[in-house]
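Bear in mind that the values here come from a model prediction, so they are computed numbers and not experimental data.
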Amino acid sequence: MEALIAQAQAITERWGRKHDLWQDTGHKEPLEHHDSEPGEGVPIALLYSDGGVGRSLNEGCVEINELYEELERIGVFIELQDSCIAHYYLINDESERQREFDRRARWKWTCRLIEADTADVSGDIYAYFAERPEDFHRLPHRAFEELISSIFAARGWKTRIGPGTGDGGVDVRVWLESPLGDSLTLIQAKRYAESNPIGLEAVAALEAHSRREQANGLFITTSRYLPGTSDWASREKVLTLADKSDLQAWCHEASQIALREKAHALALKSLLPLLHSVREGHAYGRLVACRERASFCVVLKENATGALLANLPSELIAGDAMRGAKMPVLTGQLIDGMPGGPVFRAIKKGTGDNAYYWGHGNYYTPWDGQPLWYDTWD
């Protein structure tokens with residue numbers, strides 16, 4: 001896959017330099033630019049150009065057919081998305097290679113979610129690893145720690161990730177709050193290959209640290225434990241040893257929790273009172289608007305770094321399809337014809353009135369309760 005991407009990019013750059021068009025032009029990862037959840041038939045690469053290459057793609061020229069023909073020979077075509085962004089696609093979008101690119105994009109998106117979230121609001125991360133436990137080992141060590149923290153946060157625990165160095169052998173601290181006192185567990189996480197098993201020395205170090213802090217200990221690895229290690233841990237009654245199968249089960253549990261919460265948020269008994277509050281002017285902050293697309297969404301659920309948004313229908317109150325004003329329809333109806341359904345995940349930045357959301361390639365900000373004016377000619 002990487003070789004094909006490099007080949008397509010090299011063809012375009014060589015063509016651009018040959019015709020003196022390669023100015024203010026370059027390549028980047030589609031996810032890096034869009035920062036949005038991928039679907040099926042994803043682009044394999046992205047070209048940005050505010051120079052001659054972009055103008056040639058947009059306006060056409062005699063030389064552009066030369067580029068199209070060279071890319072076609074390797075099974076790729078390039079398509080302009082807007083005035084300065086173009087995507088590379090596979091010509092055969094139903095091939096096994098396309099499915100490989102789709103899986104690659106899903107993997108990069110999953111890593112992006114781990115980086116962004118303390119507890120994944122959509123359950124995408126957990127569902128991914130519940131289905132593909134072999135990919136735990138592909139994560140960088142820090143991302144592996146962040147994933148473990150996220151899993152426990154989704155299951156109702158408070159979590160804190162260690163500094164990464166000088167942590168005394170404790171990667172993550174998790175605790176359950178209770179009127180009778182918090183229950184603290186110290187976690188050591190080892191993202192090892194199966195050929196690198198965990199021995200008694202590493203487990204004993206966590207056991208000693210847990211006793212010092214009067215806490216429980218949990219050792220998690222993607223590898224396995226040497227004979228005798230599990231017997232020793234069970235006798236000490238301070239430590240629990242977990243492996244890849246336990247992580248997979250926890251991911252499945254966390255994904256089911258997220259699905260139930262999503263279903264509850266979508267249920268009319270939850271959605272209708274929320275939309276009624278919006279109509280009464282008490283919950284404008286739960287509606288967000290995309291001015292570029294003149295569309296509205298309701299925030300079903302959110303945390304500090306992510307949100308679940310649902311597409312709401314709108315009605316035209318002035319003008320026409322090209323220029324006018326719209327208001328959201330707050331009857332409980334959702335737009336179900338969107339790719340992936342009416343609900344999608346968005347990255348959240350900021351708080352309160354300064355919050356904004358980025359999802360499905362669109363930028364959303366809190367709605368102010370006023371008609372949303374748009375002009376497609378502008």
Please check if the number of heavy atoms outside [X] that lie under 6.0 Å from its [atom1] is greater than 12.
X    : atom1 : value
H141 : NE2   : yes
E201 : CD    : no
R138 : CZ    : yes
D20  : CG    : no
E134 : CD    : yes

| field | R106 and E131 ion-paired at < 4.0 Å | value | no
| Where do I151 and F129 land on the side chain to side chain contact (heavy atoms under 4.5 Å, CB included) test, with the steps shown first? | CA-CA 11 Å; I151 291 170; F129 284 105; over 6 Å; no
| Going through the distances and angles, do R99 and F101 end up as a side chain to side chain contact (heavy atoms under 4.5 Å, CB included)? | CA-CA 5 Å; R99 287 189 285 274; F101 273 106; over 6 Å; no
hydrophobic_cluster_shared for [Y] and [X], side chain cutoff 4.5 Å:
X    : Y    : answer
W22  : W15  : yes
L21  : L67  : yes
W367 : I317 : yes
L226 : W232 : no
Y48  : I44  : no

Please examine the side chains of [Y] and [X], heavy atoms only from C-beta on, and report whether any two atoms are closer than 4.5 Å.
X    : Y    : answer
K158 : F152 : no
I220 : D246 : no
R173 : T185 : no
N216 : L184 : no
V172 : Q188 : no
L312 : V329 : no

Any chance you could measure [X], atom [atom1], to [Y], atom [atom2], to the nearest 0.5 Å?
X    : Y    : atom1 : atom2 : answer
L334 : N311 : CG    : CG    : 8.0 Å
L247 : R191 : CG    : CZ    : 12.5 Å
L4   : I74  : CG    : CD1   : 5.0 Å
I85  : K28  : CD1   : NZ    : 6.5 Å
S230 : L241 : OG    : CG    : 5.0 Å
D231 : L200 : CG    : CG    : 10.5 Å

Sub-3.5 Å donor-acceptor pair from the side chain of [X] to the main-chain atoms of [Y], do we have one?
X    : Y    : answer
T25  : Q23  : yes
R224 : I198 : no
S149 : E145 : no
E70  : Y68  : no
S223 : A193 : yes
R286 : L300 : yes
Y126 : Q256 : no
Y225 : A242 : yes
S150 : E146 : no

Please give me the minimum heavy-atom distance between [X] and [Y], naming the atom from each residue.
X    : Y    : result
M327 : F296 : C-CE1, 3.7 Å
A45  : Q9   : CB-NE2, 3.8 Å
V343 : A310 : CG2-CB, 4.1 Å
P38  : A105 : CG-O, 3.7 Å
S49  : G54  : OG-N, 2.9 Å
C251 : A130 : CB-N, 4.0 Å

State, without any angle test, whether [X] and [Y] hold a side-chain donor-acceptor pair at a distance under 3.5 Å.
X    : Y    : result
D102 : Q98  : yes
E302 : Y357 : yes
Y128 : D135 : yes
E194 : H137 : no

| said: The test is side-chain hydrogen bond (donor to acceptor under 3.5 Å, both in side chains); show your working for H27 and Y88 and say whether it passes. | reply: CA-CA 10 Å; H27 291 103; Y88 295 87; 2.7 Å; yes
| message | Between Q248 and H252, is the side-chain hydrogen bond (donor to acceptor under 3.5 Å, both in side chains) condition met? List the steps. | response | CA-CA 6 Å; Q248 182 182 13; H252 178 73; over 6 Å; no
| Does the side chain to side chain contact (heavy atoms under 4.5 Å, CB included) test come out yes or no for K190 and T222, once each step is laid out? | CA-CA 7 Å; K190 294 296 184 186; T222 55; over 6 Å; no
| message | Pair W358, Y364 - check ring pair (Phe, Tyr, Trp, His ring centres under 6.0 Å), show working. | response | CA-CA 6 Å; W358 177 259; Y364 296 86; 8.6 Å; no
| request: Please assess R103 against E40 for the test salt bridge (Lys or Arg N to Asp or Glu O under 4.0 Å), listing each intermediate value before the final yes or no. | output: CA-CA 9 Å; R103 288 192 289 268; E40 296 180 351; over 6 Å; no
Angle class for the [X]/[Y] ring planes (parallel below 30°, perpendicular above 60°, tilted otherwise)?
X    : Y    : value
Y89  : H87  : perpendicular
F344 : H360 : parallel
Y363 : Y356 : tilted

| Steps toward side chain to side chain contact (heavy atoms under 4.5 Å, CB included) verdict (L287, C297) | CA-CA 6 Å; L287 256 63; C297 287; over 6 Å; no
| Full working for salt bridge (Lys or Arg N to Asp or Glu O under 4.0 Å) between E29 and R104 | CA-CA 12 Å; E29 272 280 345; R104 174 181 179 270; 2.6 Å; yes
| task | Show your working on salt bridge (Lys or Arg N to Asp or Glu O under 4.0 Å) between E315 and K326 and close with a plain yes or no. | result | CA-CA 5 Å; E315 58 181 349; K326 291 182 177 180; over 6 Å; no
